[in-house]
K.L.:
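Structure provided below as structure tokens; questions to follow.
Small disclaimer: the values here were computed from a predicted structure and weren't measured.
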Amino acid sequence: MTFQWTAVATFLYGEIGVILVLCLPFISPLRWQKIFMIPLWSKMAVFWNKMFLTIIVLLIVLFLDAVREVRKYSSIHVNEKAANVNTNAFDHIQMKLFRSQRNLYLSGFSLFLWLVLRRTVTLLTQLAKGMTSHAALETQVNDATEAARKYMAENERLQEALSGKESSKKKESVGATDEKLKKEVEHLKAELQKTSDALNKANNEVIAVKKQSEGLKREYNHLMKEYESLQANLNEAEDKKDL
């Protein structure tokens, strides 16, 4: 295996390892967000898009080169088989074809997993932001509910204290205070309703992100099954070649 394909294979194994680590269930998205906020990662994030596009271009070039090699040696393989050439030449063509097919699988899976890795990081970041906003909205709702309870309790105490007084001026004053308190309570209820709506919206967004993450995990599991099947086929081919 040449240096470039050794690098591609190493890159593929590294992608598989990183994706497996990102999919560990006991590491929450909030913890991943804290890791991504480390100063080292923040400095690397400036060059992340350029690096991503550069690797995409390199993998596409290698993939197209592998496709060209497969087509080349496939046609030579058919022609040599039809011409009944000697066994050594035929085995050499088979070896070249096997290597080109291996390189095709390596570059193709590396390209696909690179896109999956970027999507996984994006989903983890979005999910962490949703969880943070959800916690902030819950805090706001609890504060608004507590304030509304205090105002209502104060209103009840004022009504009880003023119920036994007969002064009309005091009653008018109490009525004005009561009206003001009612308006404040209504205002707080409206604010509480708005906060509840925002919380429901945030919950829906978090659920949607979780569904996307579950779909990504299913796609990754399906991909791993296909990769294991292809690896088994490659091993069988190598065993046949050794025989």
Side-chain angles (χ1 to χ4, degrees), residues 1-24 27 29 32-33 35-38 40-78 92-128 209 211-241:
M1 186 182 292
T2 59
F3 174 76
Q4 60 181 1
W5 295 114
T6 302
V8 172
T10 304
F11 184 71
L12 175 62
Y13 299 146
E15 287 177 322
I16 294 173
V18 172
I19 291 176
L20 287 175
V21 172
L22 290 175
C23 292
L24 291 176
I27 304 179
W32 281 119
Q33 188 182 32
I35 295 174
F36 295 151
M37 294 302 292
I38 294 175
L40 177 63
W41 291 109
S42 299
K43 293 179 180 178
M44 293 178 60
V46 179
F47 307 98
W48 168 248
N49 290 328
K50 293 181 180 179
M51 182 180 67
F52 174 78
L53 294 176
T54 301
I55 294 177
I56 283 290
V57 171
L58 291 176
L59 290 176
I60 290 175
V61 171
L62 292 173
F63 180 77
L64 294 177
D65 181 66
V67 171
R68 182 185 62 81
E69 292 291 326
V70 169
R71 294 183 62 182
K72 173 183 175 182
Y73 290 112
S74 295
S75 61
I76 295 176
H77 175 75
V78 174
H92 181 72
I93 295 300
Q94 278 189 322
M95 180 185 67
K96 292 287 187 181
L97 179 60
F98 169 76
R99 289 180 178 176
S100 61
Q101 289 174 343
R102 177 202 61 196
N103 296 337
L104 177 66
Y105 294 140
L106 288 175
S107 58
F109 278 109
S110 296
L111 179 61
F112 177 73
L113 288 182
W114 185 241
L115 297 173
V116 171
L117 179 61
R118 179 180 174 87
R119 182 60 178 167
T120 302
V121 172
T122 303
L123 288 176
L124 284 174
T125 304
Q126 292 178 353
L127 184 58
V209 172
K211 289 182 179 179
Q212 290 179 355
S213 179
E214 291 175 358
L216 181 61
K217 288 183 179 178
R218 288 195 295 270
E219 291 179 2
Y220 175 75
N221 292 331
H222 179 67
L223 176 63
M224 289 300 300
K225 290 181 181 178
E226 292 184 356
Y227 175 77
E228 292 175 357
S229 176
L230 291 173
Q231 189 68 33
N233 292 333
L234 290 176
N235 294 332
E236 290 179 3
E238 289 180 352
D239 294 338
K240 291 181 179 178
K241 179 182 175 183

K.L.:
Is there a donor-acceptor pair under 3.5 Å between the side chain of Ser229 and the backbone N or O of Lys225?
P.N.:
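Side chain of Ser229 to backbone of Lys225: no pair is present.
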K.L.:
How long is the straight-line distance from CH2 of Trp5 back to CZ of Arg99, given to the nearest 0.5 Å?
P.N.:
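One finds 13.0 Å between CZ of Arg99 and CH2 of Trp5.
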K.L.:
Could you list the donor-acceptor pairs under 3.5 angstrom formed by side chains in residues 52-69, with sequence neighbours left out?
P.N.:
from	atom 1	to	atom 2	distance (Å)
Thr54	OG1	Lys50	O	2.7
Asp65	OD1	Arg68	NH2	2.9

K.L.:
Just jot down the side chain to side chain donor-acceptor pair (under 3.5 Å) partners of Glu226, sequence neighbours excluded, or say none.
P.N.:
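If we apply the side chain to side chain donor-acceptor pair (under 3.5 Å) test to Glu226, skipping adjacent residues, the hits are His222.
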K.L.:
How many angstroms lie between CD in Gln212 and CG in Leu127, if you round to the nearest 0.5 Å?
P.N.:
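CG of Leu127 is found 10.0 Å from CD of Gln212.
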K.L.:
Please report the interatomic distance CG(Leu106) to OH(Tyr13), rounded to the nearest 0.5 Å.
P.N.:
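Going from the CG atom of Leu106 to the OH atom of Tyr13 covers 6.5 Å.
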K.L.:
Hey, mind stepping through Val18 and Thr120 against side chain to side chain contact (heavy atoms under 4.5 Å, CB included) and telling me if it holds?
P.N.:
CA-CA 10 Å; Val18 172; Thr120 302; over 6 Å; no
K.L.:
Return the minimal non-hydrogen interatomic distance between Leu113 and Leu12, and the atom names on each side.
P.N.:
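Minimum heavy-atom separation between Leu113 and Leu12: CD1-CD1, 3.5 Å.
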K.L.:
How close do Phe109 and Glu15 get, counting heavy atoms only, and between which atoms?
P.N.:
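In terms of heavy atoms, the two residues are closest at O-OE1, 4.2 Å.
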K.L.:
From Leu123 CG over to Arg119 CZ, what is the distance, rounded to the nearest 0.5 angstrom?
P.N.:
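Leu123 CG to Arg119 CZ: 4.0 Å, rounded to 0.5 Å.
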K.L.:
Mind checking what makes side chain to side chain contact (heavy atoms under 4.5 Å, CB included) contact with Phe112, not counting sequence neighbours?
P.N.:
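Side chain to side chain contact (heavy atoms under 4.5 Å, CB included) check on Phe112 returns Val116, Leu223.
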K.L.:
Is there side-chain contact between Asn103 and Val8, with heavy atoms separated by less than 4.5 Å?
P.N.:
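Answer no - side chains too far apart.
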